[in-house]
Engineer: 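Before we start, here is the structure in question, set down as structure tokens.
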Amino acid sequence: MEQEPSHDKKAKKVSLLIYICSMITVLIIGVGGTVLFFETTDQPSPATEEAALVQDSAEETKPELEADLQQVSELYSVLLANYFEEVDPAVLVEGALEGMADALGDPYTEYLDAGQSTSLQQDTQGEFEGIGAEVMKEGEFVLIVSPIEGSPAEEAGLQANDLIKEIDDEPVAELSLQEAVAIIRGPKDSEVELLMQRAGEEFTVTITRDSIPVESVNYNLDENDPSIGYVQITNFNSPTYDEVVNAINDLNDQGAEKFIFDVRGNPGGLLNSALQISNIFVEDGQPLMQSQGRGEEPYVYVADESLGSVKFNKPAVLLINEGSASASEILAGAVSESASIPLIGQTTFGKGTIQNVAPLSGEGEIKYTTGKWLTAEGEWINEKGIVPDIESAMPEYQSLLIINSEQTYQLGDVSQEVANLNAVLKALEFKTGESGNVFTENTKTAVEDFQSENDLEVNGIVTGATANALVEALRTLIEENDTQYQEAVNYLQDQ
């Protein structure tokens, strides 16, 4: 990047290190996919440079720092010498580091120990083992920001904004995000049980972990209209720009004349990647986004050949939803405000801050919020999101709960789980009448009809194979009725 903010020399140095090399991401670490907070470039190591700046700052304020930390030192000494059981000094130090980061009340700032730092780096390199969902801490819960496409989490029916309440019977309320992630993760083919909450209703799901490849881009021609190319961007990693360029070129070669780009459920990634991909759609010299650190004026990033030479100028739309966050929102703001590409779908997540990782003495790191980012026109979308030009929701049945295959539902049962079951049957066009939350004779008949059509034991009872088949049928129905995608097709066909 050649652009620099018009600040004093020291401010320039900090801004470039923070904003060019930082990661824009919704979460600290994903249950499944994670990404690095800065890319390796030809520039000096941003982590090393920033650590030096932190050290310089510490030297300048050393007297105040020593006074402020006196109580910490005293507490450490008291516990080490007088606690009634033997104390591991390393445990006290790590607790202090975690507590200092947590004290800010920022879900995106936290201390990473050596193992967490290594895991964070590895996750972006190609493959990891877990359930495949991007998450963040949300009060007493762990919030699903987005399940990764094709992951066990998605296959199990987890959705954006679902809340994890317990992991293998352990409440997450007192766990840090890193601790919760460590429990959810595990070797391929092992299982984890999650107590979930969606729209106030609880349900339990058992997920078999798998190896999750970190992929960025999927693309194809529309099945019914081969003049429309479809490019889905699932995250913003180092190779994503090249993958997007390859997808556009390949679809062009196949005859695509109009394009649907899709960042629904994309939780973010690297800032560099977001800038490079935004640059594809925006004319050189036009704004892509702005960034602002503490005490600084906003710095405007503009489209420039240094970000890439490929330019796209065909009719296009961008699909967004509540799972589109961070780097996805940077792209949405850039193409909407500087390239007049319409946004279709639902309001985005609303994550408008920037994080960076700096090493600490020892093997730990601190991941912390360094500033905020603004759209090309200077709007801060934090906790608000970006509103689409064309509002389009998915069918209501997309929000139905998973049917627990380990439970049994049968004639006479009355519960909210049964109400959900009746709604699933109705969505699949099996008539249950006005059964509500009761497993009625109509429910039993509908279940028997479903079982008969799917070569299952016909007994009118929902458990095991029948429950799994109902969940799979609902998933297929949702996939075949992507109303937002169809809205995009209709828009492009009218152009």
Side-chain angles (χ1 to χ4, degrees), residues 31 131-133 144 147 150-159 162-172 183-184 186 188-210 395-481:
V31 175
I131 69 168
I144 301 288
S151 68
E154 185 188 57
E155 292 296 319
L158 299 190
Q159 299 177 10
D162 283 350
L163 298 171
I164 301 175
K165 187 175 182 179
E166 295 181 3
I167 309 165
D168 286 336
D169 297 323
E170 181 171 358
V172 304
I183 299 172
I184 295 175
K188 179 180 179 180
D189 296 327
S190 63
E191 292 185 343
V192 61
E193 182 179 274
L194 305 177
L195 176 60
M196 308 295 301
Q197 183 172 304
R198 181 185 299 163
E201 300 295 332
E202 293 186 357
F203 62 98
T204 301
V205 57
T206 299
I207 303 178
T208 301
R209 301 178 178 98
D210 201 352
E396 290 185 7
Y397 52 71
Q398 185 194 38
S399 297
L400 292 175
L401 305 181
I402 297 166
I403 301 170
N404 190 345
S405 63
E406 297 182 358
Q407 299 295 320
T408 298
Y409 308 97
Q410 56 191 338
L411 185 64
D413 286 350
V414 181
S415 67
Q416 285 303 116
E417 289 81 5
V418 172
N420 181 71
L421 169 62
N422 281 323
V424 171
L425 289 165
K426 182 179 179 181
L428 296 173
E429 299 185 350
F430 291 92
K431 298 178 180 179
T432 61
E434 300 299 324
S435 298
N437 65 347
V438 182
F439 198 117
T440 64
E441 287 287 351
N442 285 336
T443 305
K444 181 179 178 182
T445 299
V447 171
E448 290 172 340
D449 290 342
F450 177 83
Q451 290 171 328
S452 178
E453 289 188 14
N454 289 273
D455 297 323
L456 299 165
E457 179 184 357
V458 180
N459 57 14
I461 298 173
V462 177
T463 190
T466 296
N468 290 332
L470 282 166
V471 170
E472 184 60 34
L474 181 63
R475 182 182 299 111
T476 300
L477 178 67
I478 293 171
E479 290 175 353
E480 293 176 348
N481 291 273

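Computation of the quantities below employed the complete heavy-atom set of this structure, encompassing side-chain atoms and omitting hydrogens, waters and symmetry-equivalent molecules. All of these numbers come straight from a predicted model, not from anything done at the bench. Each residue takes its place number in the sequence, starting with 1.
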Engineer: For the side chain of Thr463 and the backbone of Gln407, is there at least one donor-acceptor N/O pair under 3.5 Å apart?
Structural biologist: yes
Engineer: Nearest 0.5 Å please: distance from the NZ atom of Lys165 over to the CD atom of Glu170.
Structural biologist: 14.5 Å
Engineer: Kindly indicate whether the side chain of Phe430, heavy atoms from C-beta on, has any atom under 4.5 Å from the side chain of Val424.
Structural biologist: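 No. Closest side-chain heavy atoms not under 4.5 Å.
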Engineer: Should Ile144 and Met196 be marked as a side-chain contact (heavy atoms from CB on, under 4.5 Å) after you check the CA-CA gap, both sets of side-chain angles, and the distance that decides it?
Structural biologist: CA-CA 10 Å; Ile144 301 288; Met196 308 295 301; 4.2 Å; yes
Engineer: Of all the heavy-atom pairs spanning Ala153 and Ala133, show the shortest one and how long it is.
Structural biologist: CB-CB, 4.0 Å
Engineer: Atom CZ in Arg198, atom CG in Asn420: separation rounded to 0.5 Å?
Structural biologist: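 Between atom CZ of Arg198 and atom CG of Asn420 there are 8.5 Å.
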Engineer: Hey, does Val172 have a side-chain heavy atom less than 4.5 Å from the side chain of Ile167?
Structural biologist: yes
Engineer: Can you name the closest pair of heavy atoms from Pro152 and Arg209 and give their distance?
Structural biologist: CG-C, 4.4 Å
Engineer: Can you tell me how far the CG atom of Leu477 sits from the CD atom of Gln398, to the nearest 0.5 Å?
Structural biologist: 10.5 Å
Engineer: The test is side-chain contact (heavy atoms from CB on, under 4.5 Å); show your working for Leu425 and Leu470 and say whether it passes.
Structural biologist: CA-CA 8 Å; Leu425 289 165; Leu470 282 166; 3.8 Å; yes
Engineer: Look only at the side chain of Gln451 and the backbone of Ile461, and say whether a donor-acceptor pair between them is shorter than 3.5 Å.
Structural biologist: yes
Engineer: Just so I know, are the side chains of Ile184 and Leu194 near enough to count as touching, which here means a heavy-atom distance under 4.5 Å?
Structural biologist: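 Contact flag for Ile184/Leu194 side chains = yes.
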Engineer: Test side-chain contact (heavy atoms from CB on, under 4.5 Å) on Ile403 and Tyr409 and set out the steps.
Structural biologist: CA-CA 10 Å; Ile403 301 170; Tyr409 308 97; 4.0 Å; yes
Engineer: Less than 4.5 Å apart, any side-chain heavy atom of Asp413 and any of Leu421?
Structural biologist: no
Engineer: Give the minimum heavy-atom separation between Ser190 and Gly186, together with the two atoms involved.
Structural biologist: OG-C, 3.9 Å
Engineer: Quick one: are Val447 and Phe439 in side-chain contact, heavy atoms under 4.5 Å?
Structural biologist: yes
Engineer: Just by distance, do the side chain of Asn422 and the backbone of Val438 share a donor-acceptor pair under 3.5 Å?
Structural biologist: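 Checked: pair present.
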Engineer: Should Thr206 and Glu191 be marked as a side chain to side chain donor-acceptor pair (under 3.5 Å) after you check the CA-CA gap, both sets of side-chain angles, and the distance that decides it?
Structural biologist: CA-CA 7 Å; Thr206 299; Glu191 292 185 343; 5.4 Å; no
Engineer: Measuring from Glu448:CD to Glu453:CD, what's the distance to the nearest 0.5 Å?
Structural biologist: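 Answer for the CD-CD pair, Glu448 versus Glu453, is 12.5 Å.
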Engineer: Taking C-beta and beyond as the side chain, do Asn481 and Tyr397 meet within less than 4.5 Å on heavy atoms?
Structural biologist: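 A side-chain contact exists here, since the closest heavy-atom pair is under 4.5 Å.
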Engineer: Determine whether Glu201 and Leu401 make a side-chain contact, defined as any pair of heavy atoms from C-beta on separated by less than 4.5 Å.
Structural biologist: yes
Engineer: Any side-chain heavy atom of Asp168 within less than 4.5 Å of one from Val192?
Structural biologist: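 Yes - at least one pair of side-chain heavy atoms lies under 4.5 Å apart.
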Engineer: What is the minimum heavy-atom distance between Ser151 and Gly132, and which atoms define it?
Structural biologist: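 For Ser151 versus Gly132, the nearest heavy atoms are OG-O, 2.8 Å.
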Engineer: Do you know which two heavy atoms are closest between Ala446 and Thr432, and how far apart they sit?
Structural biologist: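 Taking every non-hydrogen atom into account, CB-CG2, 3.8 Å.
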Engineer: Any chance you could measure Ile402, atom CD1, to Leu158, atom CG, to the nearest 0.5 Å?
Structural biologist: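 Output value for this atom pair is 5.0 Å.
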Engineer: Check the pair Glu406 / Thr204 against side-chain contact (heavy atoms from CB on, under 4.5 Å), numbers first and verdict last.
Structural biologist: CA-CA 9 Å; Glu406 297 182 358; Thr204 301; 5.9 Å; no
Engineer: Please check: side-chain N/O of Ser452 versus main-chain N/O of Asp449, any donor-acceptor pairing under 3.5 Å?
Structural biologist: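 No; zero donor-acceptor contacts below 3.5 Å.
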Engineer: What is the minimum heavy-atom distance between Glu417 and Glu202, and which atoms define it?
Structural biologist: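 Here Glu417 and Glu202 meet closest at OE2-O, 4.0 Å.
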